[in-house]
Colleague: 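Structure provided below as structure tokens; questions to follow.
Predicted, not measured: the structure shown is a model, and the values here were computed from it. Only this structure's heavy atoms are used, side chains among them; waters, hydrogens and symmetry mates stay out. Naming: A, B, ... by sequence-line order, numbering from 1 per chain.
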Amino acid sequence: MINLDLSEQEIIRRNSLEEIKKLGIDPYPAKEFKVNVTSSEIKENYDVAKNNYQKVSIAGRIMSRRIMGSASFAELQDDKGRIQIYLKRDDICPDEDKTLYNTVFKKLLDIGDIIGLEGFVFITKVGELSIHVQKLTILSKTIRPLPIVKEKNGEIYDGFNDPEQRYRQRYVDLIVNPAVKKTFVQRTKLMNSIREYLNSREYLEVETPILQPIYGGAAARPFKTHHNSLNTDLYLRIANELYLKRLIVGGFDGVYEFSKDFRNEGMDRFHNPEFTQMELYVAYKDYNWMMNTVEEMVEKIAIDLHGTTEVKVGENIINFKRPWKRFTMFEVIEHFTGIDISEMDEKQLLETAEKLKVPFDETMGKGKLIDEIFGETCEAKLIQPTFITDYPIEMSPLAKKHRSKDGLVERFEAICNSKELCNAYSELNDPIDQRNRFEQQLLLGKRGDEEAMILDEDFLRAIEFGMPPTSGLGIGIDRLAMIMTNSNSIQDVLFFPQMRPEKKDIKDSVDKFLELGIPQEWVSVVQKVGFLTVKDLKGINSNKLHQQLCGMNKKHKLGLKNPLIDEVKTWVE
RNA sequence: GAUUCAGUAGCUCAGCUGGUAGAGCACAUCCCUUUUAAGGAUGGGGUCCUGGGUUCGAAACCCAGCUGGAUCACCA
């Protein structure tokens with residue numbers, strides 16, 4: 001029976017699948033298929049003079065076909081790229097029986113099917129590197145048609161571009177858009193580059209809880225969940241800072257973690273509810289040392305990924321070569337506005353904000369005002385990597401007071417392409433001061449600041465045992481990946497960015513329709529014309545339904561016996 | 001959350017001032033022994049996102065909703 005939910009092409013492919021089985025071929029074989037080469041290896045190393053690659057075994061997906069009678073060309077795509085294959089009927093079917101070529105390859109296989117090949121590499125008359133196929137094995141039959149993207153001289157035809165489909169069906173995106181795959185390979189290289197750098201300095205990669213009874217380490221709203229057997233609420237971590245510092249207390253001198261963090265906030269091209277940070281804590285260091293480390297590490301990443309410190313991002317070329325520019329927050333504001341705010345009190349800052357047309361409200365304290373002025377007047381202008389140092393204390397409850405400047409903390413951010421790339425401090429290790437700072441946060445929380453930090457007694461207990469002077473860093477991996485891969489949106493550097501769940505139509509089971517007296521063969525037709533549940537049928541116009549059903553029967557040549565109007569009437573009562 | 005744009009065949013997209021739904025690729029059938037996004041001929045394929053409204057008549061106009069994009073606000 002025809003399934004009305006499938007497109008014509010899907011039905012044809014399902015039929016082909018059955019035909020393949022009827023020929024005694026398993027379309028989903030269990031046996032290992034031994035691959036001894038990839039498309040890119042052949043492209044790089046094949047040499048006509050050497051006559052190498054004369055016994056290759058390769059597997060991948062059919063991406064295009066050009067059938068020319070008893071010979072055919074097709075493109076095979078494996079993990080590393082595409083290569084042309086050449087099939088000749090009498091080579092893959094040396095005996096009398098030509099079914100494998102005439103029927104299986106020409107009729108029953110489709111674009112998207114996964115096959116294994118054995119053969120030899122040669123160059124066609126037209127000069128295209130190809131594999132002459134001697135043996136063909138079906139490894140997996142596809143029953144959905146793939147979008148066909150064509151490309152010539154770098155120009156894309158019929159591209160698969162719709163962002164919604166690309167993100168929801170990333171597997172399709174990866175198959176048909178090779179640049180997407182490259183971006184994700186680069187992302188992994190980036191993380192490996194960081195690992196290499198940190199491991200070579202013998203810092204320990206660790207794992208800390210994602211489910212936390214008290215969230216902390218950043219200013220953000222969390223996701224809340226519940227543990228049943230403990231009967232307690234838990235939060236998905238917004239940062240792992242407080243746990244890594246506990247490990248420093250415990251005696252590790254350098255620890256880091258690639259940490260998936262979760263923040264229950266808005267989404268846009270720079271924000272996904274879950275994102276990755278790399279946090280690093282090193283004992284006996286300060287934020288000056290950390291600045292040098294960040295420079296060195298990010299410069300290495302650029303070189304590992306691009307072979308140079310220069311990276312093209314949008315319209316700009318960003319150069320990660322050391323040393324980067326350094327400004328204190330007061331200096332950079334003066335640099336871009338000509339106004340020195342370093343000695344101003346709250347009233348003067350309010351006036352300055354007004355003068356610079358920086359939006360503000362009465363609840364903002366001194367620190368928040370300075371931060372706002374910086375954000376409005378400077379951030380957009382900082383394209384090349386730049387360190388901004390020495391932040392107001394109010395904004396940084398986990399950072400150590402500045403060694404010489406009152407009201408400031410030893411903190412820096414690196415700004416690049418107008419966005420924060422990382423955030424680091426000389427960590428606060430004075431337990432009394434830390435308790436006071438938490439208490440100030442509690443006051444903010446009571447005033448309605450949803451992002452204020454909450455007091456973590458266990459963390460305080462830990463540093464009361466003594467934490468060495470430590471420098472800590474948090475670096476946004478997604479943001480860094482966007483820059484390093486020239487991606488315009490965070491969704492382009494996450495395999496599966498968060499999307500609203502796809503809505504599925506709720507259908508009643510066939511049984512429920514049978515209970516109404518609807519014959520089995522008509523149930524899917526009734527659903528196809530729009531009545532997915534038996535409730536939908538209640539009290540509708542039976543004449544109209546009857547006409548719709550008979551119409552479908554005729555249109556789709558279902559070959560069913562039309563029901564009588566009176567029968568239909570009983571279904572809708 | 002606000003503003004704005006979009007949703008038509010498996011994919012990419014046309015569709016004028018409201019008058020029977022179109023193209024290319026893909027698919028099917030036939031022909032063809034080396035093609036380079038594209039060999040030739042023929043053919044099938046549609047809940048025009050959903051639901052209301054206006055109208056003799058809606059893919060198009062109006063209203064509401066769904067989904068996505070862009071910009072803005074919060075956040076990294």
Colleague: Any chance you could measure A/Met484, atom CE, to A/Phe320, atom CZ, to the nearest 0.5 Å?
Modeller: 4.0 Å
Colleague: When you get a sec, tell me which of B/G68, B/U12, B/A76 is the closest nucleotide to the side chain of A/Asn161?
Modeller: B/U12
Colleague: Under 6.0 Å from the ring centre and within 45 degrees of the ring axis: does the NZ or CZ of A/Arg411 meet both conditions for the six-membered ring of A/Tyr425?
Modeller: no
Colleague: Roughly, in whole Å, what's the span from CG in A/Asn240 to C1' in B/A76?
Modeller: 14 Å
Colleague: Using the P atom as the point on both nucleotides, what is the distance between B/U12 and B/G69, in whole Å?
Modeller: 15 Å
Colleague: Searching all strands shown, indicate the nucleotide that pairs with B/U36 (Watson-Crick or G-U wobble; both distances under 3.5 Å).
Modeller: none
Colleague: With a 3.5 angstrom cut-off on both distances, give the Watson-Crick or G-U wobble partner of B/U3, or none if there isn't one.
Modeller: B/A70
Colleague: Return the pairing partner of B/G24 with a 3.5 Å limit on both distances, Watson-Crick or G-U wobble; otherwise return none.
Modeller: B/C11
Colleague: If a protein heavy atom is under 4.0 Å from the base, mark B; if only from the sugar-phosphate, S; if neither, -; do that for nucleotides 26-37 of chain B going 5' to 3'.
Modeller: BSS-S-BBBBBB
Colleague: Rounded to whole angstrom, note down the C1' distance from B/A59 over to B/G7.
Modeller: 11 Å
Colleague: Taking B/A9 as the reference, what is the distance to B/A64 when you measure between their P atoms (whole Å, please)?
Modeller: 26 Å
Colleague: Can you name the residues that form a ring-ring contact (aromatic ring centres under 6.0 Å, His included) with A/Phe184, not counting sequence neighbours?
Modeller: A/Phe495
Colleague: What is the separation between atom CG on A/Asp173 and atom P on B/G68, rounded to the nearest whole Å?
Modeller: 16 Å
Colleague: What is the separation between atom CG on A/Leu236 and atom P on B/A76, rounded to the nearest whole Å?
Modeller: 18 Å
Colleague: Write out all pairs satisfying side-chain hydrogen bond (donor to acceptor under 3.5 Å, both in side chains) with one or both partners inside residues 99-111 of chain A, taking only residues at least two apart or from two chains.
Modeller: A/Ser72-A/Tyr101, A/Asp97-A/Thr99, A/Asp110-A/Lys141
Colleague: Going by ring-ring contact (aromatic ring centres under 6.0 Å, His included), name the residues that satisfy it together with A/Phe327, two or more places apart in sequence or in a different chain.
Modeller: A/His335
Colleague: CZ of A/Phe223 versus C1' of B/A76: gap in Å, rounded?
Modeller: 14 Å
Colleague: Sequence neighbours excluded, which residues qualify as side-chain contact (heavy atoms from CB on, under 4.5 Å) partners of A/Ser193?
Modeller: A/Lys300, A/Ile301, A/Asp304
Colleague: Between B/G22 and B/C5, how far is it from one P atom to the other, in whole Å?
Modeller: 29 Å
Colleague: Do any side-chain nitrogens or oxygens of A/Arg144 fall under 4.0 Å of OP1 or OP2 in B/G10?
Modeller: no
Colleague: Can you list the residues that meet the side-chain contact (heavy atoms from CB on, under 4.5 Å) rule with A/Gln165, with sequence neighbours excluded?
Modeller: A/Phe160, A/Asp162, A/Gln169
Colleague: If you check every side-chain atom of A/Glu420, which of B/A76, B/C11, B/C13 has the closest atom?
Modeller: B/A76
Colleague: What's the gap between B/G51 and B/U20 when it is taken at their C1' atoms, as a whole Å value?
Modeller: 25 Å
Colleague: Rounded to whole Å, how long is the line connecting atom CD1 of A/Ile388 with atom P of B/A76?
Modeller: 16 Å
Colleague: Identify, with sequence neighbours excluded, every residue that meets side-chain contact (heavy atoms from CB on, under 4.5 Å) alongside A/Glu354.
Modeller: A/Phe360
Colleague: Would you mind reading off the distance between A/Phe160 atom CZ and B/G68 atom P, rounded to a whole angstrom?
Modeller: 15 Å
Colleague: Can you tabulate the close N/O pairs, meaning under 3.5 Å, that link protein atoms to atoms of nucleotides 69-72 of chain B?
Modeller:
residue	atom	partner	partner atom	Å
B/G69	OP1	A/Gln491	OE1	3.1
B/G69	OP1	A/Gln491	NE2	3.4

Colleague: Excluding sequence neighbours, so at least two apart, what forms side-chain contact (heavy atoms from CB on, under 4.5 Å) with A/Glu8?
Modeller: A/Ile12
Colleague: Say you pick atom P in B/G44 and the same atom in B/G24; how far apart are they, in whole Å?
Modeller: 14 Å
Colleague: How many angstroms lie between CG in A/Asn417 and CG in A/Asn316, if you round to the nearest 0.5 Å?
Modeller: 6.0 Å
Colleague: Within 45° of the axis and under 6.0 Å from the centre of the six-membered ring of A/Tyr281, does NZ or CZ of A/Lys245 qualify?
Modeller: no
Colleague: Applying a 4.0 Å non-hydrogen cut-off, can you work out what A/Gly266 is touching in the nucleic acid: base, sugar-phosphate, or nothing?
Modeller: base
Colleague: Would you kindly give the CZ-to-C1' distance between A/Phe258 and B/A76, to the nearest whole Å?
Modeller: 16 Å
Colleague: Within the stacking criterion (centroid distance below 5.5 Å, interplanar angle below 30°), does A/Phe270 stack on B/A76?
Modeller: no
Colleague: According to the Watson-Crick and G-U wobble definitions, with both distances under 3.5 Å, which nucleotide is paired to B/G44?
Modeller: none
Colleague: Give me each pair satisfying salt bridge (charged side-chain N to carboxylate O under 4.0 Å, His left out) with a member in residues 373-383 of chain A, each pair once, sequence neighbours excluded.
Modeller: none
Colleague: Categorize A/Lys98 for me: base, sugar-phosphate, or nothing, with a 4.0 angstrom heavy-atom threshold over every strand shown.
Modeller: nothing
Colleague: Determine the interatomic distance between C1' on B/A58 and the same-named atom on B/G19; round to the nearest Å.
Modeller: 10 Å
Colleague: Counting only side-chain nitrogens and oxygens, does A/Arg500 get under 4.0 Å of the OP1 or OP2 atom of B/U67?
Modeller: yes
Colleague: Rounded to whole angstrom, note down the C1' distance from B/G45 over to B/A28.
Modeller: 10 Å
Colleague: For A/Phe122, what residues pass the ring-ring contact (aromatic ring centres under 6.0 Å, His included) criterion, not counting sequence neighbours?
Modeller: A/Tyr86, A/His132
Colleague: Quick one: look up who B/C61 pairs with, Watson-Crick or G-U, both distances under 3.5 Å, and put none if it's unpaired.
Modeller: B/G53
Colleague: Does A/Arg221 make a cation-pi contact with A/Tyr235, if we ask for NZ or CZ under 6.0 Å from the ring centre and within 45° of the axis?
Modeller: no
Colleague: Using a 4.0 Å heavy-atom cut-off across all strands, classify A/Asn15 as base, sugar-phosphate, or nothing.
Modeller: nothing
Colleague: Tell me the interatomic distance from A/Gln165, atom CD, to B/C49, atom P, rounded to whole angstroms.
Modeller: 14 Å
Colleague: Residues from residues 371-386 of chain A sitting under 4.0 Å of RNA chain B, heavy atoms only?
Modeller: none
